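What follows is one structure encoded as structure tokens, with my remarks underneath.
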Amino acid sequence: MKTIDELLAEGVAGKRVFVRADLNVPLDGTTITDDGRIRAVRPTVAQLAAAGARVVVASHLGRPKGAPDPAFSLAPAAARLGELLGAEVAFATDTVGESARATVDALADGQVAVIENLRFNAGETSKDDAERGAFADQLAQLADVYVGDGFGAVHRKHASVFDLPARLPHAAGGLIATEVGVLKKLTEDVARPYAVVLGGAKVSDKLGVIDHLLEKADRILIGGGMAYTFLKAKGLEVGTSLLQEDQVPAVRGYLKRAEELGVEFVLPVDVLVAGEFPDLKTKAPANPTTVAADAIPADQEGLDIGPETRKLYAAKLADAATVFWNGPMGVFEHPDYAEGTKAVAQALVDSPAFSVVGGGDSAAAVRILGFDENAFGHISTGGGASLEYLEGKTLPGLAALED
Ligand SMILES: Nc1ncnc2c1ncn2[C@@H]1O[C@H](COP(=O)(O)OP(=O)(O)OP(=O)(O)O)[C@@H](O)[C@H]1O
Ligand SMILES: O=C(O)[C@H](O)COP(=O)(O)O
């Protein structure tokens with residue numbers, strides 16, 4: 001993989017450099033609630049601009065359906081990048097259309113533009129190679145060189161991540177280099193006991209990784225939306241909680257193999273439930289009740305781990321030597337459901353373990369809940385990406401940078 005330093009040494013002045021970033025930040029309307037991912041890619045953009053490149057920054061945000069949707073505009077992220085760079089950042093209101101072409105054409109050496117959400121074009125995420133390729137061809141017209149630095153999206157075989165680097169001279173940005181450096185250590189010689197904590201909402205994306213982690217980890221703690229598929233697999237009822245019904249048999253298999261391998265699976269013993277999902281905008285009191293994990297009422301949804309589980313998880317993390325954590329323990333965006341996530345973060349701060357927190361939302365949760373980033377070994381910008389890296393999978397966005 002060519003490094004950014006090697007690219008800079010070759011010279012980028014006057015060249016249009018396409019930086020595939022991951023600016024998929026949490027938003028409350030148009031307000032960014034955590035800018036960690038923008039701060040993480042800022043040095044790459046700044047380095048390229050300082051070297052006289054005409055920098056074209058691109059990213060996805062959320063999961064729009066292949067067409068423009070103002071709720072997923074990258075405009076707030078572009079504005080924040082400008083603030084962080086202390087420079088004006090132009091914004092193109094489309095991705096490969098007239099606005100993008102005009103905005104990129106108008107860039108002077110050392111200037112930066114952000115183009116609109118890549119996922120406003122169906123070609124970005126298409127499973128059809130030709131459709132993705134056609135979109136990558138259009139993106140390639142905006143640039144002379146490609147820098148991959150969107151670590152959070154390297155597990156996606158998407159046009160801007162996988163197909164575009166094949167069409168342009170390419171290099172890896174500093175963020176990708178740092179992320180891969182830290183995660184590589186977790187795949188080599190890990191200090192034991194090695195505990196993995198999994199939660200969050202992208203359950204179907206992340207269940208598969210457990211298969212691989214069973215071979216590596218000594219202890220796996222499950223929380224967040226992920227927990228209910230496990231509780232169901234244990235024969236418990238989970239009410240209206242997030243459930244990946246089709247994965248229940250696979251999860252039963254994980255539990256069985258864990259037993260055979262002597263890997264400890266730790267599941268919630270109590271949860272906070274409510275009749276409805278909380279209002280994250282008004283943050284109106286949700287008045288949840290605490291119930292035992294085997295007594296979730298049929299009309300209630302589990303939205304955080306309960307107080308006994310918090311204590312149990314803290315104890316299970318206290319003597320770990322390495323911890324990898326992905327996915328919040330509950331709907332931490334609402335104060336009534338933040339205690340589980342806080343308890344795990346606090347346990348990591350208190351423990352001498354080398355801790356890696358992976359995931360856009362997990363990293364955001366740690367910062368939003370007021371923890372000092374430096375109290376953790378590493379805060380990764382990738383959730384699914386870091387999990388798939390640990391799984392040993394070939395990640396399309398890294399493979400594409402290699403040749
Ligand atoms: N019990 C639950 N029910 C529903 N949603 C939940 C539950 N627990 C946590 N969540 C939600 O999970 C979301 C984060 O999940 P996600 O899997 O995206 O995390 P991440 O890995 O940190 O991020 P990413 O994969 O996007 O980098 C949060 O918005 C949180 O509200
Ligand atoms: O938040 C993430 O994990 C990355 O930005 C990738 O987003 P995705 O899961 O929607 O592809």
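Whatever order the structure lists them in is the order used to number ligands and atoms, beginning at 1. Because the structure is predicted, anything quoted here is derived from the model rather than measured.
Here D205 pairs with R63 in a salt bridge; the nearest charged N to carboxylate O distance falls below 4.0 Å. In summary, E308 and K311 engage in a salt bridge, as defined by a charged side-chain N under 4.0 Å from a carboxylate O. Ion pairing between a basic and an acidic side chain is recognised when a charged N comes within 4.0 Å of a carboxylate O; K281 and D28 show such pairing. R367 and D372 are not joined by a salt bridge, as no carboxylate oxygen comes within less than 4.0 angstrom of a charged side-chain nitrogen.
With a heavy-atom cut-off of 4.0 Å, Y228 touches ligand 1 through its side chain alone. When heavy-atom distances to ligand 1 are checked against a 4.0 Å cut-off, E333 comes that close only through its side chain, counted from C-beta outward. If you look at N326 next to ligand 1, the close heavy atoms, those under 4.0 Å, all belong to the side chain. Looking at H155 against ligand 1, nothing comes within 4.0 Å, counting heavy atoms.
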Distance-only check: which donor-acceptor pairs under 3.5 Å involve side-chain atoms of residues 385-400, not counting sequence neighbours?
| residue | atom | partner | partner atom | Å |
| --- | --- | --- | --- | --- |
| S386 | OG | G382 | O | 2.5 |
| S386 | OG | G383 | O | 3.0 |

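A perpendicular orientation is assigned to the rings of F371 and F376, their planes being inclined by more than 60° (bins at 30° and 60°).
With hydrogens and angles disregarded, a donor-acceptor distance shorter than 3.5 Å links the side chain of H334 to the backbone of D336. The backbone N or O of K15 sits nowhere less than 3.5 Å from a side-chain atom of D144 that would complete a donor-acceptor pair.
Counting atoms of ligand 1 from 1 in the listed order, those under 4.0 Å from a heavy atom of G225 are 1 (N), 2 (C), 7 (C), 8 (N). Per-residue contacts place R37 under 4.0 angstrom from the following atoms of ligand 1 (heavy atoms of the residue considered): 27 (O). Close approach of ligand 1 to G383 (heavy-atom distance below 4.0 Å) involves ligand atoms 21 (O), 25 (O), 27 (O). Atoms of ligand 1 lying under 4.0 Å from any heavy atom of S362, numbered from 1 in the order shown and given with element: 20 (P), 22 (O).
In terms of protein heavy atoms, atom 6 (C) of ligand 1 is closest to V331 CG2, 3.7 Å. Among all non-hydrogen protein atoms, the one lying nearest atom 26 (O) of ligand 1 is K202 NZ, 2.7 Å. Closest to atom 10 (N) of ligand 1, if we only count protein heavy atoms, is G330 O, 3.9 Å. Scanning the protein heavy atoms around atom 11 (C) of ligand 1, the nearest turns out to be A201 CB, 3.8 Å.
The shortest N or O to N or O distance between G302 and ligand 1 is below 3.5 Å. Checked against a 3.5 angstrom limit, the closest N/O atoms of T381 and ligand 1 fall outside it. Any N or O atom pair closer than 3.5 Å counts here, and G360 shares at least one such pair with ligand 1. Here's the thing with D304: none of its N/O atoms is less than 3.5 angstrom from an N/O atom of ligand 1.
Under the salt bridge (Lys or Arg N to Asp or Glu O under 4.0 Å) criterion, E245 pairs with no residue at all, not counting sequence neighbours.
Judged by the shortest distance from any of its heavy atoms, K206 lies inside the 4.0 Å radius around the atoms of ligand 1. Within the structure, ligand 1 has G384 among the residues with a heavy atom less than 4.0 angstrom away.
Closest non-hydrogen pair, A217 versus V196, comes out as CB-CG2, 3.8 Å. Taking every heavy atom of both residues into account, I176 and G148 meet most closely at CD1-O, 3.3 Å. Closest non-hydrogen pair, Y228 versus L243, comes out as O-CD1, 3.8 Å.
Each side-chain hydrogen bond (donor to acceptor under 3.5 Å, both in side chains) pair with one or both residues in residues 69-88, not counting sequence neighbours, appears once here: D35-R80, S73-E116, R80-E83.
Between F230 and F265, the distance from one ring center to the other falls under 6.0 angstrom.
Atom 14 (C) of ligand 1 has its nearest heavy-atom neighbour, among V366, L387, D361, in D361.
Between the OG atom in S59 and the CG atom in D22 there is a gap of 5.0 Å [rounded to 0.5 Å].
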For each nitrogen or oxygen atom of ligand 2, which protein N/O atoms lie closer than 3.5 Å, and how far apart are they, rounded to 0.1 Å?
| residue | atom | partner | partner atom | Å |
| --- | --- | --- | --- | --- |
| ligand 2 | 1 (O) | N24 | ND2 | 3.2 |
| ligand 2 | 1 (O) | R37 | NH1 | 3.1 |
| ligand 2 | 1 (O) | R37 | NH2 | 3.3 |
| ligand 2 | 1 (O) | K202 | NZ | 3.4 |
| ligand 2 | 3 (O) | K202 | NZ | 3.4 |
| ligand 2 | 5 (O) | D22 | OD1 | 3.3 |
| ligand 2 | 5 (O) | D22 | OD2 | 2.8 |
| ligand 2 | 5 (O) | N24 | ND2 | 2.9 |
| ligand 2 | 5 (O) | R37 | NH1 | 3.4 |
| ligand 2 | 5 (O) | H60 | NE2 | 2.9 |
| ligand 2 | 7 (O) | H60 | NE2 | 3.3 |
| ligand 2 | 9 (O) | R63 | NH2 | 2.8 |
| ligand 2 | 9 (O) | R156 | NH2 | 2.8 |
| ligand 2 | 9 (O) | K202 | NZ | 2.9 |
| ligand 2 | 10 (O) | R63 | NE | 2.8 |
| ligand 2 | 10 (O) | R119 | NH1 | 2.9 |
| ligand 2 | 11 (O) | R119 | NH2 | 2.8 |
| ligand 2 | 11 (O) | R156 | NE | 2.6 |
| ligand 2 | 11 (O) | R156 | NH2 | 3.4 |

